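In the text below, chain A, chain B and the rest are named by the order of the sequence lines, each starting its count at 1. All values below come from the heavy atoms of this structure, side chains included, with hydrogens, waters and symmetry mates left out. Computed from a predicted model, the values in this text were never measured in an experiment.
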Number of protein chains: 2
Amino acid sequence: MVYVCFMAVDHDHVLRTAAALLTRRATATMDEVARAAGISRATLHRHFAGRDALIRALEDLGIAECEAALEAARPDEGPAADAVRRLVRALEPSAALLAFLYTENQLFEGEEQNEGWTRLDARLAALFRRGQDRGEFRIDLSPAWLTEALYGLLGSGAWAVAEGRVARNDFTYMIVELLLGGVCRREEP
Amino acid sequence: MVYVCFMAVDHDHVLRTAAALLTRRATATMDEVARAAGISRATLHRHFAGRDALIRALEDLGIAECEAALEAARPDEGPAADAVRRLVRALEPSAALLAFLYTENQLFEGEEQNEGWTRLDARLAALFRRGQDRGEFRIDLSPAWLTEALYGLLGSGAWAVAEGRVARNDFTYMIVELLLGGVCRREEP
DNA sequence: ACCATGTGAGACGTGGACGTCTCAGAAGGA
DNA sequence: TCCTTCTGAGACGTCCACGTCTCACATGGT
């Protein structure tokens, strides 16, 4: 009389498969999501009450991955620029999911958004602010904008990679270098 | 026996109203688009055969605005950095529409995309390449990526402004400064 | 006055995706 | 072996947006 299986292992697998699919085609059907995960639509509905629930779960997954990446990057340690480098590198596997959620959030602007995002935004902004306080980063660009720009560049990068316009290997380098250094050549010191 | 009215004036008005609405809510109904433009759904269908046609028209509008902005920015004149400045400034009014089309394009990745985009991409990439050739821009970031990043930053900026996270007045400055100069402080020359 | 053209309102049918349900069968423990 | 649990397949019904159509009305020229 002991319950052995309570749909925990597959749950994560389904979620990640859905992320992979919806990342490529945001308009994918529930049926397509189910087939991509190798299960039937009925079973998919047993895991997630509906499409909304699935998106919510993906949102939670994305937030969790972001927070994990943020912690792995040790944002309070050493030069802020290096922390940003570590952060983008840690964020790379989640970039496509982030891009999906970023645009998805735009669609349903009316509803209240997951508080996890605001928490995450605050932590990212804090990193940029730390760089400013340390004198590493310029102070004429607000942390809020830098946070937003980071999302945008991650999304653009993920999309550009997906479309084959840039090499996957260059992902982190391109984003980090553009974000930190900008387009203009630096004067030789 | 001379035809006076052939639905030309309102056509543009409808298009721009639709752009303004769909920019805010990409999932807006044809009915909502019609009401926003002050016309009935039937009349909207008389202007645009369907939703696809409307999106196509918006795409053409966005491309036209981009090309107009590009020409107004005189991309082949003077320092490339200044040209980029002029370009972003000229692009600012179209940024929201661009952001909409950028994400919209991502949704229908399967279908062939408007050739206007590739033409535009080429011209933007040419501008960045010119900056590289002049020694203004660093050469380790490909023009293709810079083009993509420009789109991404325009989108992020437009969205951040729409959500009230950054001031509308700072739009051009923030994008240009981040794109050209990056986050890190420059050494005093 | 007449007529043509464009319009609004609304009805109608269609298609697609969704959510729910049932039922038979596979898998695995007792 | 039996029995519980989960699953796949599929059949509904529902809802929403779309596209089309009709018809009456307003506008504006002749």
Fill in: SB check Asp31(B) Arg35(B) (cutoff 4.0 Å)
yes
Worksheet item: Does any N or O in the side chain of Arg86(A) come within less than 3.5 Å of the main-chain N or O of Ala73(A), such that one atom is a donor and the other an acceptor?
Response: yes
Worksheet item: Using rotation axes that map the C1' atoms of four end pairs onto the next four (five pairs an end), what angle separates the end axes of the helix from dA1(C)-dT30(D) to dA30(C)-dT1(D), to 10°?
Response: 10°
Worksheet item: Going by an N to O cut-off under 4.0 Å, is there a salt bridge joining Arg16(B) and Asp12(B)?
Response: yes
Worksheet item: So, for Gly62(A) and Leu97(A), which heavy atoms are closest and what is the spacing to 0.1 Å?
Response: CA-CD2, 3.7 Å
Worksheet item: Given dG8(D), dC21(D), dA17(C), which nucleotide is nearest the side-chain atoms of Ala42(B)?
Response: dC21(D)
Worksheet, complete the sentence: Atom CE of Met30(B) and atom C1' of dG19(D) are separated, to the nearest Å, by 9 Å
Worksheet item: Any idea which of dG8(D), dA9(C), dA17(C) is nearest the Ser40(B) side chain?
Response: dA9(C)
Item to complete: Determine whether the side chains of Glu92(A) and Thr172(A) contain a donor N or O and an acceptor N or O closer than 3.5 Å.
Response: yes
Discussion item. Assuming nearest nucleotide by heavy-atom distance, tell me which of Arg41(B) and Gly38(B) is located more 5' along DNA chain C.
Written reply: Gly38(B)
Worksheet entry | Check: dG6(C) base within 3.5 Å donor-acceptor of Arg46(B) side chain | no
Worksheet, complete the sentence: Asp52(B) CG to dA17(D) C1', in whole Å, measures 13 Å
Item to complete: Just call it for Arg51(B): base, sugar-phosphate, or nothing, with non-hydrogen atoms closer than 4.0 Å on any strand.
Response: sugar-phosphate
Worksheet entry | Nucleotide dC18(D), atom P - distance to CG of Leu44(B) in whole Å | 9 Å
Worksheet item: Between dA9(C) atom P and His45(B) atom NE2, what is the distance in whole Å?
Response: 16 Å
Practice prompt. Give the rounded distance in Å between these two atoms: NE2 of His47(A) and C1' of dG8(D).
Written response: 13 Å
Worksheet item: Considering all heavy atoms of both residues, which atom of Val33(B) and which atom of Leu54(B) are nearest to each other, and what is their separation?
Response: CG1-CD2, 4.1 Å
Fill in: Ile39(B) CD1 to dG6(C) C1', straight-line distance once rounded to whole Å
12 Å
Worksheet entry | Flag side-chain contact, heavy atom, 4.5 Å: Arg130(A) against Pro75(A) | no
Worksheet entry | Euclidean distance, atom CZ of residue Phe48(B) to atom P of dA17(D) [Å, nearest integer] | 20 Å
Practice prompt. Could you state the atom-to-atom distance from CG of Asp31(B) to P of dA11(C) in whole Å?
Written response: 13 Å
